Number of protein chains: 2
Amino acid sequence: MRLTVKSEYGLLAMIDLACRVDEGPVSSREISDRQGIPGKYLEQLFVALRRAGLVGAVRGARGGFTLGRPAAEITVLDIVEALEGSLRPTVCDGERAAVCGRGDACAAADVWERATAAVRGVLESTTISSLARTQVVLDETASTIEPSAGRQD
Amino acid sequence: MRLTVKSEYGLLAMIDLACRVDEGPVSSREISDRQGIPGKYLEQLFVALRRAGLVGAVRGARGGFTLGRPAAEITVLDIVEALEGSLRPTVCDGERAAVCGRGDACAAADVWERATAAVRGVLESTTISSLARTQVVLDETASTIEPSAGRQD
DNA sequence: CTTAAATCATACCGTTTTGGTAAGGATTGT
DNA sequence: ACAATCCTTACCAAAACGGTATGATTTAAG
């Protein structure tokens with residue numbers, strides 16, 4: 001189980017997309033500028049997101065990316081698994097089980113499974129639709145309190 | 001946030017220790033044999049566990065390790081943090097926050113915090129005392145069903 | 001007193017992962 | 001035609017991972 005910047009970048013990008021869902025395709029460049037993500041790196045992430053069906057791509061000038069399905073049907077877990085692979089315990093996996101010889105009869109393995117399940121629970125119960133709404137509110141609050149900051153998203 | 005074999009080995013070792021808490025010090029060698037952990041690697045982990053106060057060391061021949069405090073007061077989180085460092089989100093950390101400029105006003109950061117909190121919840125609510133009890137039961141069941149396997153722990 | 005068993009400490013090392021960059025090809029609106 | 005954009009592949013430095021190697025130190029037992 002690992003969470004790296006891939007997930008972070010990917011989530012920021014997807015939230016960004018969700019906030020502009022009715023403005024047509026949004027370019028990778030635009031998002032990388034706005035979110036402070038290295039452009040070429042983000043392009044790679046979008047490849048993975050597209051292959052997972054989470055975004056649709058429009059090629060050519062004025063092209064960009066759109067959400068692959070309604071924002072309410074895209075969870076953070078979808079994004080994480082598209083970018084980092086299946087979220088499962090990295091410990092006590094198949095090979096290890098062969099070594100320790102305990103199989104299912106291992107108290108330790110159960111802990112890792114419960115920990116992983118807890119993360120999955122959080123990630124799969126959070127949609128980018130709700131995050132986009134939250135972000136909009138946060139941005140409005142920020143620009144009210146500190147107008148100089150303006151819209152960051 | 002990361003969980004590697006360090007945590008796995010460390011937890012197995014601590015459960016092993018907890019199962020033999022009244023047999024005097026248990027050597028690293030004995031545990032590495034029983035749990036199928038590379039001996040020299042386990043030694044390193046014990047150094048970290050000792051520095052964290054989770055085990056006590058008895059040097060010299062017939063030496064070994066003992067639990068640093070009652071098994072009911074040692075959580076899996078203690079072990080994980082002793083071996084892998086503080087369990088916090090690896091994404092949206094200090095440096096990143098400076099780049100994105102959102103500070104607390106970030107919907108994404110909240111997800112990672114909730115995910116981390118979920119893992120912490122599982123790990124800190126599980127003591128090696130309970131795991132040791134579970135393991136004993138599992139071993140007894142296994143040896144009843146399949147006597148040829150014998151005690152593995 | 002010697003020796004074997006054990007912890008302690010540090011350095012090293014091959015492989016994989018991470019977080020990118022580089023270079024160019026393919027597609028399409030203007 | 002041209003510029004913007006996605007697509008593909010290759011490459012790369014640095015760090016982390018999982019482990020070995022070597023040896024020093026301490027101590028019980030013979």
Side-chain angles (χ1 to χ4, degrees), chain A residues 1-13 17 23-33 35-52 54-66 68 80 83-86 90-93 95-96 99-100, chain B residues 1-13 17 23-66 68 80 83-85 90-93 95-96 99:
Chain A
M1 178 167 49
R2 64 200 151 163
L3 292 177
T4 73
V5 287
K6 281 187 192 173
S7 291
E8 180 181 352
Y9 290 167
L11 180 56
L12 289 174
L17 266 186
E23 300 179 16
V26 183
S27 77
S28 172
R29 171 74 193 277
E30 203 179 329
I31 295 177
S32 74
D33 284 348
Q35 303 294 334
I37 300 171
K40 279 304 196 176
Y41 195 55
L42 182 58
E43 272 190 40
Q44 290 183 28
L45 302 184
F46 267 122
V47 170
L49 293 173
R50 177 178 53 80
R51 290 191 174 141
L54 300 181
V55 300
V58 178
R59 304 183 64 165
R62 291 292 184 122
F65 296 95
T66 57
V80 169
L83 296 174
E84 322 232 31
S86 177
T90 51
V91 290
C92 271
D93 59 353
E95 299 178 24
R96 175 65 196 167
V99 173
C100 82
Chain B
M1 178 165 48
R2 64 197 150 164
L3 293 177
T4 72
V5 287
K6 282 187 191 174
S7 292
E8 179 180 352
Y9 290 168
L11 179 56
L12 290 174
L17 266 186
E23 299 179 17
V26 183
S27 77
S28 171
R29 171 72 192 279
E30 203 179 328
I31 295 177
S32 75
D33 284 351
R34 203 153 37 209
Q35 304 294 333
I37 301 170
K40 279 304 197 178
Y41 196 55
L42 182 57
E43 272 191 40
Q44 291 183 28
L45 302 184
F46 267 122
V47 169
L49 292 172
R50 178 178 53 80
R51 289 189 177 144
L54 300 181
V55 300
V58 178
R59 303 184 64 166
R62 291 293 185 120
F65 297 94
T66 57
V80 169
L83 296 175
E84 322 233 31
T90 52
V91 290
C92 270
D93 59 354
E95 299 177 25
R96 174 66 197 166
V99 174

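Letters A, B, ... are given to chains in the order of the sequence lines, protein chains preceding strands, and every chain is numbered from 1. Quick caveat, the model's predicted, so the values are computed rather than measured.
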Asks: I need the B/I37 CD1 to B/Y9 OH distance, nearest 0.5 Å.
Replies: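 Rounded to the nearest 0.5 Å, the CD1-OH separation comes out at 6.5 Å.
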Asks: Reading DNA chain D from 5' to 3', where do the contacts with chain A start and stop? Cut-off is 4.0 Å to heavy atoms.
Replies: D/dA4 to D/dA10
Asks: Atom CD1 of A/I31 and atom CD of A/E43: how far apart are they, to the nearest 0.5 Å?
Replies: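 Interatomic distance, A/I31 CD1 to A/E43 CD, rounded to 0.5 Å: 11.5 Å.
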Asks: Between B/V26 and B/T66, does the side chain to side chain contact (heavy atoms under 4.5 Å, CB included) criterion hold? Intermediate values first, please.
Replies: CA-CA 7 Å; B/V26 183; B/T66 57; over 6 Å; no
Asks: With B/L83, which of B/L3, B/L54, B/T4, B/L49 fulfils side chain to side chain contact (heavy atoms under 4.5 Å, CB included)?
Replies: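 Output: one option passes, namely B/L49.
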Asks: If you take any heavy atom closer than 4.0 Å to DNA chain D, which residues from residues 39-47 of chain B end up in contact?
Replies: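 Listed by number, they are B/K40, B/Y41, B/Q44.
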Asks: Between which nucleotides of DNA chain C, 5' to 3', does chain A make heavy-atom contacts below 4.0 Å?
Replies: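 It runs C/dT18 to C/dG29.
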Asks: Specify the closest pair of heavy atoms between A/S32 and A/P38, including all atoms of both residues, with the distance to one decimal.
Replies: CB-C, 4.5 Å
Asks: Kindly compute the distance separating OG (B/S28) from OH (B/Y41), expressed to the nearest 0.5 Å.
Replies: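 B/S28 OG to B/Y41 OH: 13.0 Å, rounded to 0.5 Å.
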Asks: In the structure I gave you, are the side-chain heavy atoms of A/S7 and A/E84 within less than 4.5 Å of one another anywhere?
Replies: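 Result yes, sub-4.5 Å side-chain heavy-atom pair found.
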Asks: Which value, rounded to the nearest 0.5 Å, describes the distance between A/R59 atom CZ and A/F65 atom CZ?
Replies: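 Here the interatomic distance stands at 10.0 Å.
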Asks: Between A/E84 and B/R51, which residue's closest nucleotide on DNA chain C lies nearer the 5′ terminus?
Replies: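 Mapping each residue to its closest nucleotide by heavy atoms, the 5'-most match is B/R51.
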Asks: Using the closest heavy atom to pick a nucleotide of DNA chain C for each, name whichever of A/R59 or A/R2 lands nearer the 5' end.
Replies: A/R2
Asks: Could you tell me the separation between the CZ atom of B/R50 and the CG atom of B/L45, rounded to the nearest 0.5 Å?
Replies: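 With rounding to 0.5 Å, CZ (B/R50) is 13.0 Å from CG (B/L45).
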Asks: Find which nucleotide of DNA chain D each of A/R50 and A/G60 is nearest to by heavy atoms, and output the residue with the more 5' nucleotide.
Replies: A/G60
Asks: Quick one: are B/V47 and B/Q44 in side-chain contact, heavy atoms under 4.5 Å?
Replies: no
